[in-house]
Number of protein chains: 2
Amino acid sequence: MLLTPKKVQRRTAKLRDPEGTRQSLLQAAFREVYRYGFQSAGIDAILGATHVTKGALYYHFESKEALGHAIIEEIVAEITRDRWLRPLEQSKDKNPIDALIGIVQAIPARPRDVKGGCPLVNLTQEMSQLDEQFRKRLERIFQEWQEGIATALRKGQCTGTVRRDLVPEETASFLIAMVEGYEVLAKNAQNAKVWNIGIKNIVSWLSSLRAPGNGKRG
Amino acid sequence: MLLTPKKVQRRTAKLRDPEGTRQSLLQAAFREVYRYGFQSAGIDAILGATHVTKGALYYHFESKEALGHAIIEEIVAEITRDRWLRPLEQSKDKNPIDALIGIVQAIPARPRDVKGGCPLVNLTQEMSQLDEQFRKRLERIFQEWQEGIATALRKGQCTGTVRRDLVPEETASFLIAMVEGYEVLAKNAQNAKVWNIGIKNIVSWLSSLRAPGNGKRG
DNA sequence: TTGCATACGTACTGGTTGGTATGCTGTTGA
DNA sequence: TCAACAGCATACCAACCAGTACGTATGCAA
């Protein structure tokens, strides 16, 4: 008896879409890593969250480590750019203090964001000491972030909206430390209230950076 | 003539010393958890760092989780008390701003501390979202810490050395967020320089909390 | 139509993990 | 003197985990 011809059509006629597969993997892997940490995020769990199989994963990424690197460069870095750098760029004619206040207040305070904390901090805490490759990639993000803020502050100093006695880089770091610090506190509390109080205090501190005689909307 | 009443200690023979065994385990486990995180710290690695065997471990602790709880309650909590609460207690007649400045400046900046980050933050980042038992224990430490600072600030407000417009609890949280935030930045940089700049900025901010007309050593 | 590279799917493996079952030894109270 | 028990030591296990081997389906070029 002749073999039956192969199943002509699979129900969900899967189109080949390597870029789509790659993105699915990155997104799912990010979610798992965000939740459980890189080391504890299991490959099988990541695959279970997608319709992708192990063969496909290891076709697109050399190793779990390489997947981790891609997450940092393509997802985590983008989050920082979306939340901080692009808004700063777009409001570069405005008073940078007002811009920063707007940005800080716009950081999502949805339960899942507060409870999960900042992906950048999560990965830094877990990996910076253990793996230099991870550390370098994370450091680049921090530097980009700091420079973005420092540049805006420097401009504000030129146009007279920001106090001249500040060192822009140090002030930028300080702001980042405050934001990250409150993310940690909020994550521990698993509660947006802590975060909202934090925002309030950061905004109040940001206001103290205005050049004397420069009220709101300077 | 009577000889020594108690047995002379034998050098090589292993004396049974359950409390010592327990402490060895706690210390070694803390070091491993501090370095690799709780989930990634292996039981075998912990045991390898001691002269203790698995049987002894599971005699003293019900599970890895229970060991983790003990680490938080007996080691991490003690670090916070040693660095913050006891110094605050001991200098309760002093200006609290000066006391806090002293404490912040006294936080160890040795490479291994900077590179490892703050144990409290490490554990919070990793576990708060995943395990409520861990979270609760960590939250207690944060609360103790915050209350210690807030109490000191409140006293300062009464004695006129601290600005009266501050909300002590919020200011305490803010300080904690700053410290933790800079620990994250320093850990990412794997470099004490970032930390030292952080200290400088925090100290400068702390000085701004003094009541008007109240210089140093108020 | 063939030929071949891309893009997967599946079954498996060697090593590791937290945890346990069981047995031994030193100490202590009767 | 001896039983009972605290305090371990050792061997072992099932589950899991990253990674691989290898087969197969698809698209495209010649």
Side-chain angles (χ1 to χ4, degrees), chain A residues 3-26 28-29 32-33 35-71 126-127 130-131 133-134, chain B residues 5-26 28-29 32-33 35-71 126-127 130-131 133-134:
Chain A
L3 291 170
T4 57
K6 285 151 195 164
K7 302 232 163 136
V8 175
Q9 202 168 5
R10 277 183 283 172
R11 278 167 303 155
T12 53
K14 259 199 203 167
L15 292 182
R16 295 220 165 191
D17 176 12
E19 190 50 32
T21 303
R22 204 187 122 91
Q23 286 302 318
S24 297
L25 277 170
L26 274 177
E32 287 288 314
V33 169
R35 182 161 180 84
Y36 299 104
F38 174 75
Q39 298 175 95
S40 300
I43 296 280
D44 290 335
I46 293 168
L47 296 172
T50 66
H51 293 138
V52 180
T53 60
K54 205 168 269 196
L57 191 155
Y58 280 94
Y59 175 79
H60 286 283
F61 300 96
E62 209 182 79
S63 62
K64 191 190 176 188
E65 223 191 340
L67 177 60
H69 295 165
I71 290 174
E126 184 186 0
M127 301 302 295
L130 297 178
D131 188 309
Q133 304 279 32
F134 272 78
Chain B
K6 284 171 192 171
K7 283 188 186 174
V8 176
Q9 212 171 299
R10 279 175 294 174
R11 275 170 305 144
T12 51
K14 263 203 204 163
L15 289 184
R16 298 221 163 190
D17 176 14
E19 191 49 34
T21 303
R22 203 188 123 91
Q23 286 301 318
S24 297
L25 278 170
L26 274 176
E32 286 288 315
V33 169
R35 183 162 179 82
Y36 299 104
F38 175 75
Q39 298 175 95
S40 299
I43 296 280
D44 290 337
I46 293 169
L47 296 172
T50 66
H51 293 137
V52 179
T53 57
K54 205 169 269 196
L57 191 154
Y58 281 94
Y59 175 78
H60 286 283
F61 301 96
E62 207 182 82
S63 62
K64 192 190 178 191
E65 222 190 341
L67 178 59
H69 295 166
I71 290 174
E126 184 186 1
M127 301 302 294
L130 298 179
D131 188 308
Q133 304 279 34
F134 272 77

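All values below were derived from every heavy atom in this structure, side-chain atoms included, with hydrogens, water molecules and symmetry-related copies excluded. Chain identifiers are assigned alphabetically (A, B, ...) following the order of the sequence lines, protein sequences preceding nucleic acid strands; residue numbering begins at 1 within each chain. This is a predicted model, so every value here is computed, not measured.
Note on A/A45: nothing from the nucleic acid sits closer than 4.0 angstrom, heavy atoms only. Using a 4.0 Å heavy-atom criterion, one finds that B/G42 contacts the sugar-phosphate atoms exclusively.
Taking atom CZ on B/R22 and atom C1' on D/dA6, their separation rounds to 16 Å, with Å as the unit. Between the P atom of D/dA18 and the CD atom of A/E32 lies a distance of 11 Å, rounded to the nearest Å. Rounded to a whole Å, the CG atom of A/D44 is 12 Å from the C1' atom of C/dC12. With rounding to whole Å, A/Y59 atom OH is found 19 Å from D/dT24 atom P. For the pair A/L25 CG and D/dA18 P, the computed distance is 14 Å after rounding to whole Å. In this structure, B/L47 places its CG atom 15 Å from C1' of D/dA11, rounding to the nearest Å. Distance A/Y58 OH to C/dC8 C1': 15 Å, rounded to the nearest Å. The nearest whole Å value for the distance from the NE2 atom in A/H51 to the P atom in C/dG9 is 11 Å.
Contact of the A/I71 side chain with the A/L26 side chain is registered, since non-hydrogen atoms from C-beta on lie closer than 4.5 Å. Between B/L47 and B/L25, some side-chain heavy-atom pair lies under the 4.5 Å cut-off.
Side-chain nitrogen and oxygen atoms of B/H60 include at least one within less than 4.0 Å of the OP1 or OP2 phosphate oxygen of D/dC8. Distances shown here put a side-chain N or O of A/T21 below 4.0 Å from the OP1 or OP2 atom of C/dC8.
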(Q) Checking B/Q39 against A/Q39 for the side-chain hydrogen bond (donor to acceptor under 3.5 Å, both in side chains) test, could you report, in this order, the C-alpha distance in whole Å, the side-chain angles of both residues, the deciding distance, and whether it holds? (A) CA-CA 8 Å; B/Q39 298 175 95; A/Q39 298 175 95; over 6 Å; no

(Q) Could you go through B/H60 and B/V52, starting from their C-alpha distance and side-chain angles, then the distance that decides it, and tell me whether this counts as side chain to side chain contact (heavy atoms under 4.5 Å, CB included)? (A) CA-CA 11 Å; B/H60 286 283; B/V52 179; over 6 Å; no

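Annotation: of the two residues near DNA chain D, A/I43 and A/G55, the 5′-most nearest-nucleotide partner is A/I43.
Proximity note for B/P18 (side chain, C-beta onward) versus C/dG9, C/dG19, D/dG7: the nearest is D/dG7. When each of C/dG19, D/dG7, C/dC8 is scored by its nearest atom to the side-chain atoms of B/K64, the top-ranked nucleotide is C/dG19.
Residue pairs meeting the salt bridge (charged side-chain N to carboxylate O under 4.0 Å, His left out) criterion with at least one member in residues 38-60 of chain A, sequence neighbours excluded: A/D44-A/K54.
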